[in-house]
Amino acid sequence: MSLSPPTTDVDDRLVAELCRVAAADRGDVGTVVRTHLRRVAPLVDADAGERLVRAAVARLDGLGALDALLTDDTVDEVLVNPSGDIWVERGGSLQPAGHLAAADLGVVVERILAPLGRRLDRTSPLVDARLPDGSRVCAVIPPIAPDGACLSVRRFRDRALPLDAFADAAVGAVLDLAIVGRCNVVVSGSTSSGKTSLLNTVLGRTPAGERIVTIEDTAELLPAADHLVRLESRPATPDGPAAVDLGQLVRTALRLRPDRLVVGEVRGSEVLALVQALNTGHDGSWSTCHANSALDALHRLETLVIQAAPAWPLAAVRQHLGRSIDVVVHLARREDGSRAVTEVGEVEHGTDRGVGERLALRPIVAGDRVVGRITRVRR
């Protein structure tokens, strides 16, 4: 699926008429549209005519109004609501960006999913998939979206951001120590806080030649590493093969001789396979999870382990987490929409009289200040 360059300042009525007359002809869409251009709009100049052609081709064979947005380097995410309203995220803020008719949205979703071999219908009303260019698409339709179909496309950045996009030099030095010291690190934050982007950045700073194995539901990580293996889970389909979940992929990754094991997001039973892997010498590993703070991330992992292994006593859960995770890095959005590291904490594990096993975080970074030093380096 090819995307056209952005189109601006086009007359929707002319585009609609150009599509109507071109749709009756067979052949290359661009050639057919250009053949009818002079009949539909004889007075337009060359530049305006080319914009009309691009808009008509996008509507006939591309993603319509979304084509221009998905090729705009300033756009990070494109959202289409059930009402057809289009919103985009630029620079950390959401902005309205036009409208897409309900019938056109159905066509757009079909064109996005057709090359991926994925289905979206009443028996499978949601899909979360990766586009050929690495962008992530999520689409939902009735009955689970009662107001109508909605779509989200998170664009893929083909280049990692520099570390100073997330932290100043002092905080960056703390993160570099976690990398070089081969700490096991969890990156936490809310949705779209920059967890995957930071992970891409720090993994690109690992020593040359280290073998990195990434494990994700939808492959988004693509660090600038020269020895990289990416694994992606596979959901079950009504008429297809069985699912391959993250827990299976973690166990598979251990047989691929990783120097660093990376789980894109921990949110289910795969946490058990990850914690057990980190307790068997796979240091320097990174993962992410959704949480409101660094300490909340530690507690969320504790809850996930308990859910995955309800027979484990709480003391054993905390011992495993305390021994396997060294550092938690928390990201948050600032008021201007930028993402930044706001907390770094070192995991402390011990026993309190009358309380038993406990997990805590010793502050390393608070806000934009470095207030401590990482001591739990593994090499």
Do [Y] and [X] meet the salt-bridge criterion of a basic N to acidic O distance under 4.0 Å?
X    : Y    : answer
R182 : E210 : yes
R339 : E89  : yes
R90  : D76  : no
E302 : R318 : yes

Exercise: do [X] and [Y] side chains pair donor with acceptor under 3.5 Å:
X    : Y    : answer
H320 : Q276 : no
S233 : D217 : yes
S192 : R333 : yes
D85  : S83  : yes
H330 : T342 : no

Once side-chain hydrogen bond (donor to acceptor under 3.5 Å, both in side chains) is applied, what residue pairs with a partner in residues 359-368 remain, sequence neighbours excluded? E346-R362
[Y] backbone acceptor or donor facing [X] side chain under 3.5 Å:
X    : Y    : answer
T206 : V202 : no
T252 : Q248 : yes
S285 : L261 : yes
R376 : I325 : yes
N184 : G284 : yes
S190 : S193 : no

Give the C-alpha distance, both sets of side-chain angles, the deciding distance and a yes or no for side chain to side chain donor-acceptor pair (under 3.5 Å) between S269 and Q307. CA-CA 7 Å; S269 59; Q307 290 173 343; over 6 Å; no
R378 meets the salt bridge (charged side-chain N to carboxylate O under 4.0 Å, His left out) criterion, sequence neighbours left out, with D326
Same apolar cluster: V185 and L331, side chain cutoff 4.5 Å: yes
